[in-house]
2 protein chains.
Amino acid sequence: MAEIAPDKLPAEPDADAPSEMKTLADRVFARLQDDIVQGLLPPGSKLGETELANRYGVSRGPLREAIRRLESRKLVERVPHAGARVALLKESDLVEIYRVREALEGMAARLAAENMTDAEIAGLTELLAQHERQPGVQDDTEYFQREGDVDFHYRVIQGSHNATLIDLLIGEMYHRVRMYRYQVATAANRPQKALAEHRRILEAIESRDGEMAELLMRRHISRARQTLESRALEEKNSETTDIHD
Amino acid sequence: MAEIAPDKLPAEPDADAPSEMKTLADRVFARLQDDIVQGLLPPGSKLGETELANRYGVSRGPLREAIRRLESRKLVERVPHAGARVALLKESDLVEIYRVREALEGMAARLAAENMTDAEIAGLTELLAQHERQPGVQDDTEYFQREGDVDFHYRVIQGSHNATLIDLLIGEMYHRVRMYRYQVATAANRPQKALAEHRRILEAIESRDGEMAELLMRRHISRARQTLESRALEEKNSETTDIHD
DNA sequence: AAAGGCTGGATTGTCGACAATCCCGTGCCA
DNA sequence: TGGCACGGGATTGTCGACAATCCAGCCTTT
């Protein structure tokens, strides 16, 4: 087997100054997660250890560790001697997740209203202003948020200042939901309404009204779930007559 | 370094018929988790890879995988080039966990009231009857529940029939709480009250009253947290005058 | 004597090879 | 013709060794 340009990942500690060099397994993990979440490795596809090891230019050791970590995040499923595949999640799974998010993020919103610093609230206000200027939102076609601290929900969760809660929501559920978004390319099909709800939640947080923040957040996520369920339903209906589009 | 009786784990596929043989890493993981939760490996102690590999009679490969899995369960902490140590959790962490449990197990109780089968409810009734006959409960000294399906909370969680919720509560928080129980040897210092509360929760589930079940479960956990906090507080007070006992 | 740098030892991270297991296609047999 | 046993091939699980990194103690220097 010839050397087929193993698409090295940034290993040399050259000019990535503030970035961290970490360990090999860490980089492979980050890279693999991106490739999975963004759909480059489609759900259900096999993750051959040898293949991926060559692809990322590392040995099977670090790669196995990366896969193991992705498994704990429920992004891949592994069966003992058969290999690992990218997890594919059914609508029923996603609905379950949304029901749990309703409880958890509702709690996070309440804690955020109680615990967020004034600086954090100011930053969140600025963030929503940016979102409003987004082109897709203006014409009501899409309201897409990139990963991390430019995501409204992400920031509210962090604002709870409860490490356990943050870990559950970010480490355990966040990326799965994001993966699904990429899967069905569903850019949240009610952009302006969603943004308006975000704004009202922020108002509750600003006035330190925990109960209100929780109520609004629960409602917000509940609505998202309902649109999800209804869309899944009509898909199932049209499914019997034709193969979409 | 001589062969010092490497305390083999049950590797031979002889007479453990219904048991699972799984993979080596699986067995090491289960074994290590027990040793940690039960305090055989005290919190903060170092987990040398070579040492443990010899101790369990396996190579470092499977052992690393086991440690990685325990890390994702927050039972051990690992820093890149320094090694892994048994996680030690402060009371503040535990209080956080209890606050999240309040939301999550409350939801689980509600779902359990809605979704549990009659057979499951009957089994749960029988379980509580057994708990009542426990000696430690009779004289109000301790109410200790072993791990797994002989634990009331464990069964209610399972009864929710929500895989995501089960995974969060069991896979992510359950064992940490159990570890702490072993750490401080605190055999839930209000046995009869706790059992009585369990019984009332069961009654709500039996009558399929989800709201009531949620309310009672939240109250139950909230009380547990309060006793926890007050005990931690008086510990901190006596700490300034003498070294306990 | 204290601070700082350096070397030795030990531990973790990584690698390549071997062994065990499973999947699948082939051929035999009813 | 259908079903079942059996290998061949490939993939995963496991192992031992090498390389990189970190930590502790000693020595040097001011």
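Heavy atoms only: backbone and side chains are in, while hydrogens, waters and symmetry mates are out.
With D:dT14, C:dC15, C:dG13 as the candidates, the nucleotide lying closest to the side chain of B:A25 is D:dT14.
Computed from coordinates, the B:N54 CG to C:dA10 P distance equals 15 Å when rounded to whole Å. Put simply, CG on A:D26 is 14 Å from P on D:dT21, counting in whole angstrom units. C:dG13 atom P lies 16 Å from atom CZ of A:F29, rounded to whole Å. Rounded to whole Å, atom C1' of D:dG13 lies 9 Å from atom CD of B:E65. When the C1' atom of C:dT14 is taken as reference, atom CZ of B:R68 falls 15 Å away, rounded to whole Å. If you take OH of A:Y56 and P of C:dC15, they are 15 Å apart, rounded to a whole angstrom. Atom P of nucleotide D:dC15 and atom CG of B:L63 are separated by 10 Å, given to the nearest angstrom.
Between atom CZ of residue A:R31 and atom CG of residue A:L40 there is a gap of 9.0 Å, rounded to the nearest 0.5 Å.
A search for side-chain contact (heavy atoms from CB on, under 4.5 Å) contacts involving A:L88 returns A:P43, not counting sequence neighbours. Legend: residues meeting side-chain contact (heavy atoms from CB on, under 4.5 Å) with B:E114, ordered by chain and number and at least two apart, are B:R110, B:L111.
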So if I define the base as every atom that isn't primed, P, OP1 or OP2, how would nucleotides 7-12 of chain D read as a B/S/- string at a heavy-atom cutoff under 4.0 Å? ----SB

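At least one side-chain heavy atom of B:T23 sits less than 4.5 Å from a side-chain heavy atom of B:D26.
Between B:E77 and B:R85 there is no salt bridge, since no side-chain nitrogen of the basic residue lies less than 4.0 Å from a carboxylate oxygen of the acidic one. Salt-bridge annotation for A:R155 and A:E105: absent, with no side-chain N of the basic residue lying under 4.0 Å from a carboxylate O of the acidic one.
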